[in-house]
Amino acid sequence: MRNVLAILIPAGAFSRTEAETITAGKSLAAQLGADLSVGILGPSDDSFARECFAFGAKSLTRVEGLAAYQSEAYSAAAQQIAASVAADVILFPSTTYGLEIAPGVGYRLGAAVILDCVGLIGDSSGNLTITKPVYGGKANSELIARQGPVVIAMRMRSVAPGEKQDGATGEINTIPAPALSPRTQILEHTTEDTGSGPKLEDARVIISGGRGLGNKENFVHLEELARLLGGSVGASRAACDQGWVPATLQIGQTGKKVAPDLYLAVGISGASQHLVGIAGARHIVAINKDAKAPIFQVAALGVVDEWQALLPKLVVALTEHKARNS
Amino acid sequence: MLHLVVCLKQILDPEIPPADFKLDPSAQRAAPTASLVASIFDENALEIALQLREKVGDARITAISLGPPSAVDVLRKALSMRADDAILIREEDFPGIDAHGCARVLAAAIRKLPPADLILCGRETGDWHGGLVAAFLAAEFDRPYTNFVAGITKEGDHFHLRRQTEDGWEIVRSAAPAVITVTNDDHNLPRIPKVKDNMMAFRKQIPAWTASDLGLVPASVAGPNSKLEQSRLYVPVVDRKCEIITGDNAEAKARQLVERLAALQVI
Amino acid sequence: MTPTREVFFNIRHVWVMYALFAVTLAIFSYGFCRHWQRWSRGLPASRTDRPWQRLQGLLRQTAAHDRLLKRYRAAGFFHLLFFWGMVILTAGTTVVFIHNDLGIHIMQGAFYLYFQSLTLNIFGALFIVALLAALVQRYVARPSRLKPDHWQDGLILILLLTILLTGFILQGARIQLTRDPWGAWSPVGNVAGSLLARLFGVDGLRQLHLFTWWFHMALVFGFIAWIPYSKLMHLLTAPANIYLRDLEPRGALPLLDIEKTEALGISRLEQFSWKDLFDLDACTECGRCEVNCPANISNKPLSPKWLILDLQKASRAEHAAAPTPPPNPEEPSPLVGPVIREETLWSCTTCRACMEQCPVMIEQVPKIVQMRRHLVMERAEFPDDLQGVIRSLEARGHPYPGSSASRSDWHKDLDVHVLSDKPGQSFDVLLWVGCAGAMNDRSKSVTRAVAQLLQAAGVRFAILSREEKCTGDPARRIGHEFLFQQLAQENIATFDRYGVKKILTSCPHCFNTLRNEYPQLGGNYQVIHHSEFLQELVASGRLRPEATALGKVVFHDPCYLGRYNQVYGAPRQLLDSVPNSQRAEVPNWSARNALCCGGGGGFSFMEEKTGTRMSHNRSRQLVSTGADTVAVGCPFCMTMLEDGVKTVSPEGQTPRVLDIAEVLAQAIMQNPAQEPGR
Ligand SMILES: Cc1cc2nc3c(=O)[nH]c(=O)nc-3n(C[C@H](O)[C@H](O)[C@H](O)COP(=O)(O)OP(=O)(O)OC[C@H]3O[C@@H](n4cnc5c(N)ncnc54)[C@H](O)[C@@H]3O)c2cc1C
Ligand code: SF4
Ligand code: SF4
């Protein structure tokens with residue numbers, strides 16, 4: 001028998017990230033014939049707990065007196081929760097904090113640790129089959145974990161949040177925060193100004209630019225489109241490395257994983273490391289002057305042209321379309 | 001004097017053309033159909049170590065790579081960027097090594113060096129994307145660990161780490177000694193070495209440490225990840241047909257595109 | 001009586017003249033030695049071998065003004081008069097010296113009549129014509145290449161004119177006063193004499209003669225003494241510079257021994273060779289280099305003329321300030337930055353137009369590249385765009401950062417002999433595809449056309465496919481000599497492994513580097529551009545072009561095929577071999593005078609940040625011929641001009657841009673798989 005624990009590190013209210021982690025844990029627990037416990041690191045309220053139960057948590061552990069994120073305190077708390085529920089499969093969210101503490105927790109529990117997974121299946125004999133993209137998304141590795149504890153972080157947006165059962169409840173436990181003197185401290189937190197649009201992870205529309213944009217100034221064209229469509233601007237690593245846009249807008253393997261309805265890629269070649277970030281997008285549309293660019297292999301719609309020629313016309317056509325439909 | 005240790009891995013060029021990407025017939029890894037390069041985030045890590053040295057003045061940088069003999073190229077690159085020392089650890093001595101093993105071997109090597117004030121690794125390698133070794137190293141040494149750092153300053157006896165989060169940046173104050181992973185931003189693009197430094201790097205002898213140099217018994221370094229069995233490695237098939245919008249000019253294409261987007265109900 | 005004349009007629013105290021001449025020589029020598037001292041600060045260079053070949057070239061450029069007349073008919077003609085006037089008059093003076101001072105009496109008899117009188121008279125008169133033309137050119141026509149005016153320019157012309165006019169006055173007066181029986185042999189002087197006699201009478205004439213004689217002498221001596229201190233210096237340095245010209249293959253940049261060289265590239269004057277320094281003083285400031293310079297035409301901060309003149313100024317100033325070379329090489333570069341700006345160095349396409357135009361064979365390109373070497377290798381400073389290029393060349397052996405193309409893409413469905421697959425199988429020629437030819441979509445179809453033509457002609461060729469690496473041309477032109485040598489050595493090792501002897505390529509940059517630069521590193525192969533190779537196949541009947549809808553076609557000469565390797569005929573013959581084709585040329589801007597498309601020297605990988613677009617300027621010229629097809633022979637030209645003609649052509653009249661191989665493939669395989677271009 002395996003005990004499955006999903007660790008949550010809330011950044012405010014219950015969000016899609018938490019829903020994904022619980023959903024992944026819930027379906028795994030079901031396959032293993034076990035129940036899902038949830039551990040919450042950091043402050044959370046009752047409505048947060050209700051959401052956890054609604055998405056399928058059977059029991060829930062909170063940590064008394066655990067303030068804002070500090071890696072060592074959170075790691076120790078996660079370990080205590082794991083011990084208290086005797087968890088041997090522990091799921092972490094693939095957030096900065098989740099990825100920071102998951103490996104250390106696994107190390108101290110003597111667990112195998114696998115981050116950035118996109119598939120997780122269990123069977124009744126307790127074996128886990130884990131799918132992890134490797135080589136920048138060019139290949140998938142399928143790993144089998146037979147016995148022993150396992151720590152797993154699922155890639156963001158690789159799990160669709162499951163059905164909610166409002167009103168579901170479960171047991172709530174509270175443990176005290178572990179006492180220790182932390183060696184790191186977060187001095188300040190600045191949010192990068194990403195324009196007026198929604199967070200990339202939550203955006204319904206993303207207009208993304210790459211090296212083909214040529215310079216920083218040209219991103220205003222994408223911002224204009226994003227404003228028109230109520231979306232946000234993203235970028236490839238090449239554009240971020242040039243300093244044209246902040247690194248926080250990077251989408252891909254080592255950037256944001258996004259799942260918009262419309263992903264418009266402008267001047268992006270579609271390197272595999274970029275494509276893994278948009279695997280969850282419903283419709284990918286590419287504008288690229290190179291007809292052979294790999295982005296067209298994943299796009300539903302493509303325009304082979306220079307963006308300089310196309311975008312101004314696109315803005316006009318969209319404005320007209322909006323005027324007609326309002 | 002600060003001692004900075006940067007761990008670098010040599011990997012198959014991650015930007016290999018998709019057409020050239022093939023799996024080894026044994027399907028346990030990719031076939032060597034492209035050149036070998038330093039994993040990009042490791043170079044970012046070296047770059048911020050160099051920047052830190054420029055800021056504090058008195059610092060020494062040691063580059064370490066656990067890899068096959070060809071990995072000396074990565075170390076030479078590090079030397080040409082002006083790391084002070086480079087050490088190769090023979091990977092052949094540790095067949096089938098896992099992430100825990102890597103951390104233990106690297107830790108053993110680092111223990112042989114003058115005490116390290118900061119150990120820097122890339123946030124993940126460009127081939128297996130494990131993202132574990134640095135955190136395991138921190139656990140081995142019991143040192144504070146911070147991930148996704150893009151810049152460092154030294155403030156008194158602490159490091160101030162500029163770390164990337166989902167929505168922006170944090171300044172993390174970390175006690176020394178510390179372990180960090182490094183992510184890319186526009187300030188830590190690896191520098192292009194001067195040719196003189198290139199030549200100097202070519203002439204330098206790079207020691208290759210063996211398992212016995214480190215006093216390790218290869219079988220003893222493996223950790224829980226070695227118990228995982230890779231049952232399959234495969235290239236996922238994408239089978240999507242892209243509809244290319246045609247038109248006589250940009251305007252026609254734009255109109256056509258808007259129509260198709262409207263049909264998809266995304267605008 | 002033997003025809004001759006008295007040398008010092010009407011003159012007393014001749015010793016004064018000798019004394020003045022001694023002073024003149026002393027002033028001249030001092031000035032000249034200072035120059036000499038400055039040149040000898042440069043590093044050694046061997047430029048005095050093969051004297052016979054050097055002399056021949058010198059004669060062709062001076063006696064016949066070969067280069068100048070190729071592009072500047074009128075100006076060249078007048079300058080030729082100028083030149084010959086100067087030569088003949090100097091010869092005449094020398095004759096007087098031999099006759100009078102050495103006592104070898106040659107100035108008499110028929111020689112006196114035909115040469116010393118008649119010939120000198122004619123050339124003197126023509127000289128005056130040339131001077132007047134020069135004045136008109138400079139002060140009436142005012143071409144921009146001569147801007148800005150310098151006070152010396154006009155003064156020199158007036159001075160020479162005065163010397164000539166006073167010469168004729170002297171001659172005329174002497175003929176009149178001595179009732180010279182052979183006066184008619186000096187027609188211009190004779191006429192001048194009789195006019196003056198009527199104006200001044202005999203006594204007046206005698207006074208005039210005496211005064212003019214000393215005035216004339218003073219001017220001539222002043223002129224001579226002034227030479228080393230003025231623009232006149234080029235009277236000496238220009239021909240010397242032609243003699244000292246580079247006789248090595250034009251396409252080969254100087255090899256740098258990276259192991260042994262302390263400072264890589266050039267950042268200080270004394271790191272130039274003495275010949276480079278000599279170049280600086282040979283410049284006549286004619287501005288012809290500038291006229292054909294694509295960078296200058298497109299308003300980039302580069303003029304090859306000012307590059308030379310700025311270096312000249314710096315060289316003279318540095319020498320004046322410190323006659324012994326400043327020793328400390330650790331000091332920041334006094335040259336790159338303060339004298340020659342970085343943007344200037346990064347504006348050059350290395351098209352060689354300047355060197356081709358320069359009548360005195362000054363070598364701008366090696367200077368530019370050697371200063372780039374300093375920027376790239378010593379300072380690791382270069383335009384942002386080049387960072388990615390260098391990284392990509394280092395890690396992936398091609399200059400296209402971010403490219404997801406494989407070198408094997410283009411031949412996937414063609415049955416070609418890949419050496420690594422069948423290393424044992426013999427082949428006659430290696431088809432070198434090049435990075436663009438393998439990875440750039442448009443160029444891939446050119447490569448396919450070449451391969452298909454070779455197959456049609458039954459040529460046994462092989463390719464390296466994924467084993468090819470960049471030849472190193474872009475690295476070398478941007479100044480990364482180290483990277484160039486690395487890449488070249490890897491390729492040479494590959495060639496040697498497969499026993500490659502003969503290489504065929506459709507990229508002139510690869511062609512030039514493989515042919516002219518690989519021998520510097522021990523790689524000796526027979527290298528052929530596809531225009532020549534295909535032309536031979538057509539000439540020998542192995543390929544038979546048939547009529548195709550080519551229309552009017554204009555060929556754009558690639559710099560590295562034409563100017564660097566003097567292949568002008570083959571591509572044109574190839575186009576002419578297609579029945580019904582009608583060929584146009586861009587008047588004045590074709591073959592060696594062709595304007596660069598703007599794609600060389602690293603520009604295929606950099607954005608043009610200032611000025612107009614070089615490719616548009618060239619495209620305008622090509623489009624103005626009314627051609628239906630622009631034929632090219634280089635992948636970079638293809639990219640540049642395809643973009644260019646689209647932009648500058650009137651709506652609906654855009655010519656298509658085709659490689660000569662694609663033209664031929666259309667004419668041979670009447671039904672090409674896909675129609676490229678348009
Ligand atoms: C370990 C690792 C992790 C990585 N993580 C990420 C990641 O998270 N996210 C990411 O994006 N990348 C990532 N990369 C980098 C990735 O491999 C590519 O280098 C990068 O995505 C390329 O960005 P790009 O498509 O903008 O640039 P390029 O590949 O250079 O493509 C530019 C495109 O623009 C087109 N173009 C140019 N001009 C025009 C024009 N005028 N009009 C229209 N089109 C034009 C070109 O045809 C070309 O297709 C990672 C790499 C490694 C090794
Ligand atoms: S090589 Fe060409 S671009 Fe460079 S200076 Fe000479 S003419 Fe101008
Ligand atoms: S470099 Fe040559 S072409 Fe240019 S101005 Fe001087 S002499 Fe004339």
Side-chain angles (χ1 to χ4, degrees), chain A residues 71 95-96 99-100 103-104 107-108 110-113 115-116 134-136 138-145 148 183-192 199 229 237 240-243 247-248 254 261-262 271-272 283 294 296-305 309-310 313-314 317-318 321, chain B residues 14-15 18 21 23 30 123-124 126-129 131-132 135-136 138-139 144-148 164-175 183-186 189 224-225 227-236 238 240 242-245 250-251 253-255 257-258 260 262 264 266-267:
Chain A
S71 57
T95 56
T96 300
L99 293 173
E100 185 166 69
Y107 189 89
R108 282 180 285 269
V113 186
L115 309 180
D116 198 27
V134 292
Y135 295 111
K138 292 193 187 73
N140 280 342
S141 167
E142 216 172 75
L143 299 161
I144 300 183
R183 293 171 293 184
T184 66
Q185 183 193 354
I186 295 172
L187 295 182
E188 59 179 85
H189 187 120
T190 22
T191 29
E192 190 90 61
K199 270 171 60 178
L229 297 174
R237 169 165 173 163
C240 296
D241 279 355
Q242 297 297 319
T248 37
T254 48
D261 289 338
L262 170 62
S272 64
H283 301 290
F296 289 118
Q297 273 155 32
V298 298
L301 290 173
V303 185
V304 180
D305 208 335
L310 194 76
K313 310 283 180 205
L314 191 57
L318 275 172
H321 173 86
Chain B
E15 299 197 28
F21 183 80
L23 292 173
R123 62 180 282 174
E124 61 189 59
D127 50 3
W128 292 98
H129 306 285
L132 301 173
F136 288 175
Y145 169 69
T146 306
N147 63 354
F148 302 170
Q164 195 186 339
T165 65
E166 274 75 37
D167 58 352
W169 298 93
E170 281 175 357
I171 303 295
V172 179
R173 175 182 155 91
S174 170
T183 193
N184 63 297
D185 80 346
D186 57 324
L189 272 187
N225 271 30
K227 304 249 164 57
L228 297 170
E229 176 202 329
Q230 179 168 278
S231 55
R232 208 150 76 93
L233 180 68
Y234 61 97
V235 176
V238 268
R240 225 156 164 183
C242 179
E243 179 191 336
I244 299 289
I245 307 277
E251 192 177 337
K253 288 184 194 172
R255 286 189 188 293
L257 179 59
V258 169
R260 300 289 299 113
L264 291 174
V266 288
I267 54 171

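So that the names make sense, note that chain A is the first sequence line, chain B the second, and so on, each numbered from 1.
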Counting only non-hydrogen atoms closer than 4.5 Å, does [X] touch chain A with its backbone (N, CA, C, O), its side chain (CB onward), both, or neither?
X        : value
B:Phe148 : side chain
B:Leu189 : side chain
B:Tyr234 : both
B:Arg123 : side chain
B:Ala138 : neither

Part of [X] lying under 4.5 Å from any heavy atom of chain B:
X        : result
A:Ala145 : both
A:Leu318 : both
A:Ala299 : both
A:His321 : side chain
A:Gln297 : backbone
A:Ser71  : side chain

For [X] versus [Y], what's the shortest heavy-atom pair and its separation?
X        : Y        : value
B:Asn225 : A:Ala112 : OD1-CA, 3.0 Å
B:Phe136 : A:Pro103 : CE2-O, 3.3 Å
B:Ala135 : A:Gly104 : CB-N, 4.5 Å

Which one wins on heavy-atom pair count under 4.5 Å against chain B: [options]?
options                                : answer
A:Leu301, A:Val298, A:Asp261           : A:Leu301
A:Glu188, A:Glu100, A:Arg108           : A:Glu100
A:Gly243, A:Ala247, A:Gly302, A:Ala317 : A:Gly302
A:Leu99, A:Leu314, A:Leu262, A:Asp241  : A:Asp241
A:Thr95, A:Thr184, A:Asp116, A:Ile144  : A:Ile144

For B:Tyr145, give me all partners under ring pair (Phe, Tyr, Trp, His ring centres under 6.0 Å), at least two apart in sequence or on another chain.
none

Taking it one step at a time, do B:Gln164 and A:Thr96 satisfy side-chain hydrogen bond (donor to acceptor under 3.5 Å, both in side chains)?
CA-CA 8 Å; B:Gln164 195 186 339; A:Thr96 300; over 6 Å; no

Heavy-atom side-chain contact between [X] and [Y] under 4.5 Å:
X        : Y        : result
A:Ser272 : B:Phe21  : no
B:Val172 : A:Leu187 : no
A:Val134 : B:Leu233 : yes
B:Asp186 : A:Gln242 : no
A:Thr191 : B:Trp169 : no
B:Asp167 : A:His189 : yes

Given the options B:Ile267, B:Thr183, B:Leu23, which has more heavy-atom pairs under 4.5 Å with chain A than any of the others?
B:Ile267

Any chance you could measure [X], atom [atom1], to [Y], atom [atom2], to the nearest 0.5 Å?
X        : Y        : atom1 : atom2 : answer
A:Leu310 : B:Glu251 : CG    : CD    : 10.5 Å
A:Lys199 : B:Glu166 : NZ    : CD    : 7.5 Å
B:Ile171 : A:Gln185 : CD1   : CD    : 12.5 Å

Using a strict threshold of under 4.0 Å (side-chain N to carboxylate O), is an ion pair present between A:Asp305 and B:Lys253?
yes

Within the distance-only criterion (no hydrogens, no angle test), does the side chain of A:Lys138 pair as donor or acceptor with the backbone N or O of B:Pro236 below 3.5 angstrom?
no

Residues in salt bridge (Lys or Arg N to Asp or Glu O under 4.0 Å) with B:Arg260, at least two apart?
B:Glu243

